[in-house]
Asks: 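Okay, handing you the structure first.
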Amino acid sequence: MMAKQVQQDQLYIGIDGGGTKCRATIYSKQHGVLGTGLGGPANPLHGLERTLESIMVSTQLALQDAGLRVEQVHELNAGMGLAGVNLPALYDKIMQWDHPFQQMFLTTDLHTACIGAHEGQDGAVIITGTGSCGFSIVSGRSVNYGGHGFAQGDIGSGAWMGLEAIKAVLLDLDGLGKATAMSDMFKSHFNTLTAMGIAEQMAGQPSSGYAKLARFVFNAAEQEDEVALAIVTQGADYISRLAKRLLENQPPRLSMIGGLAEPLNKWLDPDIAARVELPKQPPEMGAIYFAIQNVEQNLEKAN
């Protein structure tokens, strides 16, 4: 019944694409959220074809969840927040895509995360997931920092922590670095006893492969492991400095989003941790707000 009701309704889809997963939510202003879907990695920096595939998988699953027909993808006004499109070349490649949507409005995952976190109001957001970056918008003026990508940046992210942990463990196993509890954790995880066995399995892994190892770093840090503590504190120090830089713009709210937002919070500078507020809505809802805003602006111009 719901599918019939919304056939003539204006339909939106919000897509949030990052280095590990892609979330899609279908929404109508009359009926609210209709369905959701989850796809794989969607950072075009690490593969354009994989990104487009993940977008379509999450879209198709959201259509199915909403009880809508597959061909109704052509009725969707898509708001899309993707990691990596802060780089102009990648933004242009996505915009050249012969997409199936009625309309597509593209921006960064930072922008849509910020829109969602503060329900369209001014504020700042830090993403600490597979990657890390910060964004603030106040009185129409936006700034963003970090987000330089793996492995040349993204300090404090899951991928960065995983890479730092791998490097430390390989040094330990070769007898060239400090002993760390992470070595036994990784030997068990990779089912190998040697540094080369770990290196072989990690060769060519994308950022998401390293991000999966971040939990071991936090586990070892909780055990007072010196090497893991150094990684976590360095990452948290960077995120704290990133927050302070964003707060120079005097945003009324600050939120952190991503898989590391909660575990990192206790390691942040106390004054920053006290400022962090829970996001009001997830990034995919921010992408929906972004699409609605653009559709309505276009209608106003047309009239």
Asks: If you measure from the Lys or Arg side-chain nitrogens to the Asp or Glu carboxylate oxygens, is any gap between R241 and D269 under 4.0 Å?
Replies: no
Asks: Would L242 and I126 count as a side chain to side chain contact (heavy atoms under 4.5 Å, CB included) if you check the C-alpha gap in whole Å, the side-chain angles of each, and the deciding distance to 0.1 Å?
Replies: CA-CA 8 Å; L242 177 59; I126 293 174; 4.0 Å; yes
Asks: Should I127 and D109 count as side-chain neighbours, where that means a heavy-atom distance under 4.5 Å?
Replies: yes
Asks: Without hydrogens or angle criteria, can the side chains of D225 and T180 be said to hold a donor-acceptor pair below 3.5 Å?
Replies: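 Note: D225 and T180 side chains meet the donor-acceptor criterion.
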Asks: Closer than 3.5 angstrom, by distance alone: can the side chain of S132 be matched with the main-chain N or O of I155 as a donor-acceptor pair?
Replies: yes
Asks: Heavy-atom count around K93 NZ within 6.0 Å, excluding the residue itself: above 12?
Replies: no
Asks: Name the orientation class of the two ring planes belonging to F186 and F190 (parallel below 30°, tilted from 30 to 60°, perpendicular beyond 60°).
Replies: perpendicular
Asks: Are side-chain N/O atoms of T20 and T130 paired as donor and acceptor at under 3.5 Å?
Replies: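 Judged by distance alone, the side chains do pair up.
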Asks: Applying side chain to side chain contact (heavy atoms under 4.5 Å, CB included) to V125 and M256, what does each step give before you reach the verdict?
Replies: CA-CA 6 Å; V125 68; M256 283 178 61; over 6 Å; no
Asks: Please tell me whether V33 and F290 are part of a single hydrophobic cluster in this structure, the criterion being side-chain heavy atoms less than 4.5 Å apart.
Replies: yes
Asks: According to side chain to side chain donor-acceptor pair (under 3.5 Å), does anything in residues 283-299 pair up with another residue at least two apart or in another chain? List the pairs.
Replies: K29-E296
Asks: Sub-3.5 Å donor-acceptor pair from the side chain of S28 to the main-chain atoms of Q10, do we have one?
Replies: no
Asks: Side-chain donor-acceptor contacts of residues 113-124 below 3.5 Å, not counting sequence neighbours, with atom names and distances?
Replies:
from, atom 1, to, atom 2, distance (Å)
H118, ND1, R253, NH1, 2.7
H118, NE2, A124, N, 3.2
H118, NE2, A124, O, 2.9
E119, OE2, Q281, NE2, 3.3
D122, OD2, S139, N, 2.9

Asks: Taking CG in N191 as the centre, count heavy atoms belonging to other residues, nucleotides or ligands within less than 6.0 Å. Is the count above 12?
Replies: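 Atom CG in N191 is not crowded, with 12 or fewer foreign heavy atoms closer than 6.0 Å.
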Asks: To the closest 0.5 Å, what do you measure between CG (L61) and SG (C22)?
Replies: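 If I round to the nearest 0.5 Å, the distance is 10.5 Å.
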Asks: Find the distance between CE (M185) and CZ (F216) and round it off to the nearest 0.5 Å.
Replies: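 Reported to 0.5 Å precision, the distance equals 8.0 Å.
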Asks: With ring centroids as reference points, do F101 and H74 lie under 6.0 angstrom apart?
Replies: no
Asks: Could you pull out all residues at least two apart from Y210 that satisfy ring pair (Phe, Tyr, Trp, His ring centres under 6.0 Å)?
Replies: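 Result, ring pair (Phe, Tyr, Trp, His ring centres under 6.0 Å) vs Y210: F150.
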Asks: Is there a donor in the side chain of S183 and an acceptor in the side chain of D172, or the other way round, less than 3.5 Å apart?
Replies: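 Indeed, the side chains of S183 and D172 share at least one donor-acceptor pair under 3.5 Å.
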